[in-house]
Amino acid sequence: MLKKSVLCIAMVLLVAFSIYAGGSSESASSGQAASTVVVSPVGTYPIVEEPITVKGLVVGRSTNTRDDRIVWNKVSEVTGINIEWECIDAEALATYLAGSEWPDFIHYGLESSIVNDYGVVGGRFVNILDHLDEMPNLVSAMEEFPLMRKAATEVNGEMYRLPGYEVSATTVSARPYVRTDVLEAAGLEMPTTVDEFKEALRVLKEKNGVASFIPELSNDESYWGPMLFAAFGKATNMNFDDDGTGKVVFNRTSEQMKRYLSWMNELYEEGLIHQEYLTLDGTSRYDAARSGKVAFIGGGEGNNIAASDFADGRFHLSCLAPLTSEYDDDQTILGKSGYFTNGSIFINADSPYVDALCRMFDIIYATEEVVPGSGLLGESFTYGIKGVDWDYDEGGENTYSLNAPESYDGAFTTYQYEELIWDNAGLADALDGYVTSTPGNSQARQFGFVENVIPYQSDLYFPATMLKFTDDEQFVLDSYLTDITTYCKQMEGRFITGVSDVEKDWDSYCATLETMGLQEVLEVYQAAYDRWNG
């Protein structure tokens with residue numbers, strides 16, 4: 001009896017040891033024995049000798065059309081890795097992550113606080129830097145675009161998110177839309193200086209009886225604000241910036257900002273800016289843009305104006321090139337990094353398929369088809385399969401086409417996110433400088449970007465949205481930054497409309513920001529920026 005008991009105990013210990021030494025005998029994802037997975041050499045397809053199944057989580061994506069995606073189906077076809085997708089609402093994410101049953105990977109741009117909690121502190125994400133020998137395409141991409149690595153690196157020096165980079169004809173910040181037909185009807189050419197701009201507004205008001213400028217200033221990194229601000233000094237960023245020595249400054253309190261706001265107030269006082277630009281709803285803005293009397297329009301109007309809104313049924317829509325002034329004769333304006341600061345793929349550190357997943361995700365950085373004839377490369381995870389969903393136009397000069405099936409009832413962007421991909425991922429720069437060959441609003445705007453915006457974008461882009469903060473630093477930002485941002489935007493409107501006097505009230509404005517914690521916020525940004533540059 002004793003021998004039998006000892007034998008049973010020995011068998012239990014043997015089983016326990018085998019599980020401990022070799023990992024779980026089955027994957028929580030697929031029920032397949034992880035120990036049987038044989039991964040092919042790097043760059044070889046399929047990636048696994050025998051097919052495996054993994055689970056991927058996506059958040060907040062509609063599955064009304066399909067609960068898979070065409071591009072990822074192609075990935076499974078060439079890699080031998082089948083993906084079972086689980087879709088949850090964004091509201092359910094926190095509860096989901098708090099549980100113990102995680103998928104093999106998450107395809108969603110997690111907030112920095114979540115990455116910190118579950119990655120930096122919890123160790124539940126794979127550190128991609130430990131697997132670069134399995135990801136040669138990613139290594140090449142980060143060598144060509146160094147900010148990719150910096151943007152994805154956390155405060156502890158590890159990298160849990162797979163970084164992304166996209167640049168195309170629409171990768172711009174300032175989008176100063178102009179109806180060129182309105183200028184031409186008044187005998188005007190595109191202004192090149194702030195004085196010419198003001199004079200053009202005077203001529204247009206006299207001719208059309210209304211203000212011909214309805215600025216869109218709600219976004220400090222888009223449309224008219226950063227474009228006009230850059231004309232009054234060397235800075236291009238309206239908020240946090242590097243002063244050129246590595247010191248972080250806040251341009252909202254600069255002399256350049258004061259000059260810009262004073263000039264905008266002059267336009268407003270002369271009635272050259274729509275007097276209700278701050279409160280106009282989208283419909284009113286659009287109606288004004290369609291009227292043929294307003295030349296300089298905002299983003300919503302520029303994005304949506306139709307051919308039928310022009311007298312001849314053709315688009316006369318472009319962008320205004322940067323203006324110069326007595327303070328700055330350089331046409332440089334705010335650039336755009338093109339980096340997805342929240343890389344949207346994270347690998348579960350407990351997945352038994354980490355090696356296979358790293359090699360699969362390396363496809364999103366490929367600059368050539370990973371399997372000849374597959375059409376699958378890095379661009380696919382933004383635009384779809386090359387030669388099917390997108391391609392360069394034969395005989396065209398720097399033009400491309402995006403192609404939804406004729407049977408698909410909707411725009412390509414709808415098809416893109418309901419059928420092709422979940423979210424943009426990886427390396428997508430094949431359309432850099434290219435313009436769509438399809439006539440319409442997008443083509444007109446893209447020509448405007450290529451001709452009048454992209455050539456002037458600054459290479460000096462302060463990485464405010466890419467910096468990583470410790471818990472203590474994030475606490476400071478949470479305590480002060482929202483109120484500071486709100487106050488600055490409120491005072492911007494007050495200064496432009498003359499409710500507050502730029503000359504008389506400027507010092508008080510700056511002093512108020514100090515009492516609101518501006519210095520504490522600057523110290524946090526400085527610490528994070530020093531790490532970024534370290």
K.L.:
Measure from the side-chain N and O atoms of E369 to the backbone N and O of G375, and report whether any donor-acceptor pair falls under 3.5 Å.
P.N.:
yes

K.L.:
Hey, mind stepping through F412 and W390 against ring-ring contact (aromatic ring centres under 6.0 Å, His included) and telling me if it holds?
P.N.:
CA-CA 10 Å; F412 180 82; W390 74 276; over 10 Å; no

K.L.:
Using atom types as modelled and distance alone, determine if a side-chain donor or acceptor of N127 lies under 3.5 Å from a backbone N or O of E158.
P.N.:
no

K.L.:
For E301, which of R175, R285, R445 qualifies under salt bridge (charged side-chain N to carboxylate O under 4.0 Å, His left out)?
P.N.:
R285

K.L.:
Checking F447 now: which residues fulfil side chain to side chain contact (heavy atoms under 4.5 Å, CB included) with it, not counting sequence neighbours?
P.N.:
V435, Q443, E451

K.L.:
In a check of salt bridge (charged side-chain N to carboxylate O under 4.0 Å, His left out) between R202 and each of E196, E270, E266, which one passes?
P.N.:
E270

K.L.:
Any sub-3.5 Å donor-acceptor pair from S344's side-chain atoms to A425's backbone N or O?
P.N.:
no

K.L.:
What I want to check is whether the side chains of D195 and T193 have a donor and an acceptor closer together than 3.5 Å.
P.N.:
no

K.L.:
Under a 3.5 Å distance rule, please check whether Q526 uses its side chain to pair with a backbone N or O of G246 as donor and acceptor.
P.N.:
yes

K.L.:
I'd like to know whether the aromatic ring centres of Y529 and F462 sit less than 6.0 Å apart in this structure.
P.N.:
yes

K.L.:
Walk me through whether F361 and F105 qualify under ring-ring contact (aromatic ring centres under 6.0 Å, His included).
P.N.:
CA-CA 11 Å; F361 290 132; F105 69 92; 5.0 Å; yes

K.L.:
How close do S437 and T399 get, counting heavy atoms only, and between which atoms?
P.N.:
CB-CB, 4.1 Å

K.L.:
For D459, look at atom CG and say whether over 12 heavy atoms of other residues, nucleotides or ligands are found less than 6.0 Å away.
P.N.:
no

K.L.:
Would you indicate whether the side-chain heavy atoms of H316 and V182 approach each other to under 4.5 Å?
P.N.:
no

K.L.:
Within this structure, what is the CD1-CE distance for the pair I363 and M135, rounded to the nearest 0.5 Å?
P.N.:
10.0 Å

K.L.:
Between D330 and K234, does any NZ, NE, NH1 or NH2 come within less than 4.0 Å of an OD or OE carboxylate oxygen?
P.N.:
no

K.L.:
Can you list the steps and then say if F250 with Y525 is a ring-ring contact (aromatic ring centres under 6.0 Å, His included)?
P.N.:
CA-CA 10 Å; F250 189 53; Y525 271 99; 8.9 Å; no

K.L.:
Between S168 (side chain only) and L431 (backbone N and O only), is there a donor and an acceptor less than 3.5 Å apart?
P.N.:
no

K.L.:
Which residue pairs satisfy the salt bridge (charged side-chain N to carboxylate O under 4.0 Å, His left out) criterion with at least one member in residues 125-143, sequence neighbours excluded?
P.N.:
E134-R359

K.L.:
Quick one: OG1 on T413 to CG on L420, what's the gap to the nearest 0.5 Å?
P.N.:
11.0 Å

K.L.:
Give me the atom names and distance for the closest heavy-atom approach of S458 to T332.
P.N.:
CB-CG2, 3.4 Å

K.L.:
Kindly indicate whether the side chain of N441, heavy atoms from C-beta on, has any atom under 4.5 Å from the side chain of L317.
P.N.:
yes

K.L.:
Considering only heavy atoms from C-beta outward, does the side chain of L217 approach that of W224 to under 4.5 Å?
P.N.:
yes

K.L.:
Donor-acceptor pair, E216 side chain versus S218 backbone, under 3.5 Å?
P.N.:
yes

K.L.:
Assess, by modelled atom type and distance only, whether the side chains of Y365 and E144 contain a donor and an acceptor separated by less than 3.5 Å.
P.N.:
no

K.L.:
Tell me whether the centres of the aromatic rings in Y400 and Y434 are closer together than 6.0 Å.
P.N.:
no

K.L.:
Quick one: closest heavy-atom pair of T153 and M159, and the distance?
P.N.:
N-CG, 4.4 Å

K.L.:
Looking at T192, L267, L272, which hits side-chain contact (heavy atoms from CB on, under 4.5 Å) with F197?
P.N.:
L267

K.L.:
Using side-chain heavy atoms (C-beta onward) and a distance below 4.5 Å, is F346 in contact with Y108?
P.N.:
no

K.L.:
Are the side chains of V71 and I385 in touch, meaning some heavy atoms are under 4.5 Å apart?
P.N.:
yes

K.L.:
Look at the side chain of Q457 and the backbone N and O of S173, then say whether any donor-acceptor pair between them is shorter than 3.5 Å.
P.N.:
yes

K.L.:
Please check: side-chain N/O of Q446 versus main-chain N/O of T436, any donor-acceptor pairing under 3.5 Å?
P.N.:
yes

K.L.:
Salt bridge (charged side-chain N to carboxylate O under 4.0 Å, His left out): which pairs involve residues 419-440, sequence neighbours left out?
P.N.:
R61-D423, R66-E419

K.L.:
Once salt bridge (charged side-chain N to carboxylate O under 4.0 Å, His left out) is applied, what residue pairs with a partner in residues 474-492 remain, sequence neighbours excluded?
P.N.:
D220-K489, R252-E492, K489-E492

K.L.:
Report yes if some heavy atom in the side chain of N116 is under 4.5 Å from a heavy atom in the side chain of V121; otherwise report no.
P.N.:
yes

K.L.:
Is R69 reaching over with its side chain to a backbone N or O of Y417, donor-acceptor style, under 3.5 angstrom?
P.N.:
yes

K.L.:
Out of curiosity, M516 CE to T482 OG1, how far, rounded to the nearest 0.5 Å?
P.N.:
10.0 Å

K.L.:
Please tell me if the side chains of F125 and L110 come closer than 4.5 Å, counting only heavy atoms from C-beta onward.
P.N.:
yes

K.L.:
Kindly indicate, with the supporting measurements, whether the criterion ring-ring contact (aromatic ring centres under 6.0 Å, His included) is fulfilled by Y260 and W263.
P.N.:
CA-CA 5 Å; Y260 158 69; W263 180 77; 7.3 Å; no

K.L.:
Does K74 qualify as a cation-pi partner of W72, given the criterion of NZ or CZ under 6.0 Å from the six-membered ring centre and within 45 degrees of its axis?
P.N.:
no

K.L.:
Show me the pairs that pass salt bridge (charged side-chain N to carboxylate O under 4.0 Å, His left out) and involve residues 255-264, at least two apart or across chains.
P.N.:
K258-E503

K.L.:
Is any side-chain heavy atom of L427 closer than 4.5 Å to a side-chain heavy atom of N137?
P.N.:
no

K.L.:
Run the side chain to side chain contact (heavy atoms under 4.5 Å, CB included) check on Y268 and Y277 step by step: do they pass?
P.N.:
CA-CA 10 Å; Y268 188 87; Y277 83 92; 4.2 Å; yes

K.L.:
Could you give me the CA-CA distance, side-chain angles and deciding distance for Y286 and D309, then say whether side-chain hydrogen bond (donor to acceptor under 3.5 Å, both in side chains) is met?
P.N.:
CA-CA 10 Å; Y286 186 47; D309 297 323; 3.1 Å; yes

K.L.:
For G157 and L129, work out which heavy atoms get closest and say how close.
P.N.:
O-CD1, 3.4 Å

K.L.:
Do side-chain atoms of S222 reach the backbone of N219 as a donor and acceptor pair under 3.5 angstrom?
P.N.:
no

K.L.:
Only counting residues at least two apart or in another chain, list the ones meeting side chain to side chain contact (heavy atoms under 4.5 Å, CB included) with T470.
P.N.:
V155, D472, E473, R531

